[in-house]
A.B. asks: 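Below is one structure. I have some questions about it.
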Protein chains: 2
Amino acid sequence: MRADTSDMPEFSPRQNAVLEQALRLLVEGGEKALTTSGLARAANCSKESLYKWFGDREGLLAAMIAHQASKVRTFERSGERLTADLLRDHLELFARDLLVVLAGDVSLALNRLAIGQATREGSKLGKLLLEHGRRQIDRRAMALIDQGKRAGLLRFDNADAAYHTLYGLIVSDLHVRMLLGEPGLKDNARQAERAVAAFLTLHGTQKQSADALGVSAGR
Amino acid sequence: MRADTSDMPEFSPRQNAVLEQALRLLVEGGEKALTTSGLARAANCSKESLYKWFGDREGLLAAMIAHQASKVRTFERSGERLTADLLRDHLELFARDLLVVLAGDVSLALNRLAIGQATREGSKLGKLLLEHGRRQIDRRAMALIDQGKRAGLLRFDNADAAYHTLYGLIVSDLHVRMLLGEPGLKDNARQAERAVAAFLTLHGTQKQSADALGVSAGR
DNA sequence: CCTTTTGCGTACCGTACGGTACGGTTCTGC
DNA sequence: GCAGAACCGTACCGTACGGTACGCAAAAGG
């Protein structure tokens with residue numbers, strides 16, 4: 001169960017507990033609620049220890065991202081032989097998982113934090129968040145659609161472009177809306193079905209019934 | 001040239017100049033660079049005037065959003081008879097405009113600001129930003145695809161769902177990536193073409209050559 | 001011309017943050 | 001059992017913010 005090419009520092013249990021408190025504060029009160037004093041109080045540790053462990057505030061934020069990413073390992077069960085139905089199931093599962101992850105409290109809070117820090121000249125936190133948080137889910141999807149292509153069930157020239165199409169169909173502007181404070185979808189499964197149906201219409205090799213494309217919906 | 005159902009307070013020229021400076025500070029240095037003292041210095045006005053005009057800091061931020069929105073009026077030229085080629089052209093134009101707007105410095109800075117303020121319990125700024133900034137572009141797109149349906153060129157049951165599909169195909173995760181500090185696309189036009197081609201494959205009534213779907217790409 | 005309003009510039013206040021220093025306490029290795 | 005490290009709690013420091021108050025110049029208006 002070792003992580004892949006992990007380079008990450010890995011923190012002590014005590015430090016992980018502190019990072020957990022930090023995430024809690026961030027989720028509950030936003031960035032302004034995550035102060036060194038407040039964290040020290042909430043985690044029953046001293047500010048001195050915080051600075052010893054994480055260097056400065058930015059180091060703490062980076063550690064929080066790494067810590068959260070280390071919790072979201074995604075399994076890659078890629079043994080079975082793919083059929084059209086199986087591919088659809090796996091794509092819909094991926095879509096549902098993606099929607100659940102993006103709508104998660106911690107994910108939203110960390111993204112808000114990194115976006116709040118970012119400026120025109122890029123952002124250290126933003127890079128970290130994209131790399132740590134996105135790599136896993138990207139790999140899972142890419143492996144899946146690659147497998148679909150090798151099984152003759154999907155057709156596309158550029159896997160990256162096809163993946164971004166899938167992503168856009170699943171998420172649309174929902175992520176930004178949630179980041180801005182809007183509530184999420186009422187029914188993730190429905191959205192997943194619609195997105196995957198559209199994706200298969202675009203990139204599937206078999207005729208797709210276009211039924212699932214225009215149903216009542218309503219966000 | 002009157003705005004539609006505008007209720008907005010509309011500010012004096014002097015106040016607009018101050019808001020312009022505020023936007024400049026925000027774009028150049030992010031939220032932390034937008035302080036009342038800094039703005040007063042940059043705009044050659046007194047802090048007292050700022051508080052008299054805008055109430056408090058949140059009022060200033062809201063005014064900045066309203067001011068920016070008042071600058072981005074979108075024309076609605078919906079006279080001509082639609083053909084398939086014309087519809088495609090208009091959709092691609094919309095897509096390019098959308099990508100340009102989302103990638104704009106001021107748009108990114110305001111979205112970062114509102115997202116940074118937002119918490120789980122919604123955000124005043126976020127609501128404002130979505131309503132003021134999005135309404136125009138949403139209306140333009142909805143009118144366009146509605147027109148396309150009436151002309152028998154598009155088919156869908158739910159216009160809202162179809163629009164979100166179009167939006168997702170155009171933007172994918174690009175908006176969030178840019179908010180996190182990543183550079184934008186190298187070629188908006190290419191992305192617009194691909195997205196519209198996919199959208200027409202899904203919702204067009206005429207056979208679409210699937211050529212434009214899988215080309216080399218590269219973001 | 002004089003009055004009133006508007007607004008600039010500056011000084012000021014309370015607060016709260018990030019970061020440091022220190023004394024006392026618990027844990028660890030030998 | 002003891003020395004040394006790790007660590008907690010608290011106090012402290014400098015700074016910078018949001019917001020207010022005041023003195024004075026310049027425009028507005030009759």
Side-chain angles (χ1 to χ4, degrees), chain A residues 9-65 67 109-110 112-114 116-119 123-125, chain B residues 9-65 67 109-110 112-114 116-119 123-125:
Chain A
E10 294 288 340
F11 304 103
S12 77
R14 179 73 180 109
Q15 291 165 4
N16 281 330
V18 170
L19 292 175
E20 206 61 36
Q21 287 297 313
L23 285 177
R24 193 177 60 80
L25 289 179
L26 180 67
V27 166
E28 289 180 358
E31 178 183 359
K32 64 177 176 33
L34 182 61
T35 68
T36 52
S37 313
L39 176 56
R41 207 176 314 121
N44 289 325
C45 71
S46 71
K47 291 173 66 173
E48 198 170 17
S49 299
L50 292 181
Y51 286 100
K52 174 174 223 164
W53 292 333
F54 307 112
D56 57 0
R57 192 169 192 267
E58 182 167 323
L60 171 66
L61 303 181
M64 290 168 63
I65 291 178
H67 170 66
L110 283 177
R112 289 197 185 107
L113 177 65
Q117 304 291 92
T119 68
S123 150
K124 204 131 176 40
L125 273 305
Chain B
E10 294 288 343
F11 303 104
S12 77
R14 178 71 180 110
Q15 290 165 5
N16 281 330
V18 171
L19 291 175
E20 206 60 37
Q21 286 298 313
L23 285 177
R24 194 177 59 81
L25 288 179
L26 181 67
V27 166
E28 289 180 358
E31 178 183 359
K32 64 180 175 34
L34 182 62
T35 68
T36 51
S37 313
L39 176 56
R41 207 176 312 120
N44 288 327
C45 71
S46 70
K47 292 171 65 173
E48 198 169 16
S49 300
L50 291 180
Y51 285 100
K52 173 173 225 163
W53 292 334
F54 307 113
D56 56 0
R57 192 169 193 267
E58 182 168 323
L60 171 65
L61 303 181
M64 289 168 64
I65 291 177
H67 170 66
L110 283 176
R112 289 196 185 108
L113 178 64
Q117 303 289 94
T119 68
S123 151
K124 204 134 176 38
L125 273 305

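Order of the sequence lines fixes the chain letters, A, B, ..., with proteins taken first and strands second; residue numbering starts at 1 for each chain.
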A.B. asks: Between the protein and nucleotides 19-21 of chain D, list the N/O to N/O atom pairs that are separated by less than 3.5 angstrom.
C.D. replies:
residue: D/dG19; atom: OP2; partner: B/Tyr51; partner atom: OH; Å: 3.2
residue: D/dG19; atom: OP2; partner: B/Arg57; partner atom: N; Å: 3.1
residue: D/dG19; atom: N7; partner: B/Lys47; partner atom: NZ; Å: 2.8
residue: D/dG19; atom: O6; partner: B/Lys47; partner atom: NZ; Å: 2.3

A.B. asks: Hey, does B/Leu39 have a side-chain heavy atom less than 4.5 Å from the side chain of B/Leu60?
C.D. replies: yes
A.B. asks: Without hydrogens or angle criteria, can the side chains of A/Glu20 and A/His67 be said to hold a donor-acceptor pair below 3.5 Å?
C.D. replies: yes
A.B. asks: Do B/Cys45 and B/Gln21 come within less than 4.5 Å of each other through their side chains, counting heavy atoms only?
C.D. replies: no
A.B. asks: From C/dG9, D/dG18, D/dC8, pick the nucleotide closest to the side chain of B/Thr35?
C.D. replies: D/dG18
A.B. asks: First locate atom NZ of B/Lys32, then atom CG of B/Leu25, and finally report the distance between them rounded to the nearest 0.5 Å.
C.D. replies: 11.0 Å
A.B. asks: Nearest whole Å is fine: how far is D/dG9 C1' from A/Leu50 CG?
C.D. replies: 12 Å
A.B. asks: When the distance from CG of A/Leu34 to C1' of C/dG18 is rounded to whole Å, what number comes out?
C.D. replies: 12 Å
A.B. asks: Which whole-number value in Å describes the distance from B/Arg14 CZ to C/dT6 P?
C.D. replies: 15 Å
A.B. asks: To the nearest Å, how far apart are A/Lys32 NZ and D/dC17 C1'?
C.D. replies: 15 Å
A.B. asks: What I'd like to find out is whether the side chain of A/Leu23 reaches to under 4.5 Å of the side chain of A/Leu110, using heavy atoms alone.
C.D. replies: yes
A.B. asks: What is the distance from NZ of B/Lys52 to P of D/dC22, rounded to the nearest Å?
C.D. replies: 15 Å
A.B. asks: OP1 or OP2 of D/dC7 versus the side-chain N and O atoms of A/Ser49: is any pair under 4.0 Å?
C.D. replies: no
A.B. asks: How many whole angstroms separate atom CG of B/Leu39 from atom P of C/dG9?
C.D. replies: 12 Å
A.B. asks: Taking atom C1' of C/dC17 as reference, at what distance in whole Å does atom CD of A/Glu31 sit?
C.D. replies: 12 Å
A.B. asks: With the side chain counted from C-beta on, respond yes when B/Trp53 and B/Val18 share a heavy-atom pair under 4.5 Å apart, and no when they do not.
C.D. replies: yes
A.B. asks: Is there side-chain contact between A/Lys124 and A/Gln117, with heavy atoms separated by less than 4.5 Å?
C.D. replies: no
A.B. asks: Between D/dA6 and A/Trp53, is there an OP1 or OP2 to side-chain N/O distance shorter than 4.0 Å?
C.D. replies: no
A.B. asks: How many Å lie between CD on B/Gln15 and C1' on C/dT6, as a whole number?
C.D. replies: 12 Å
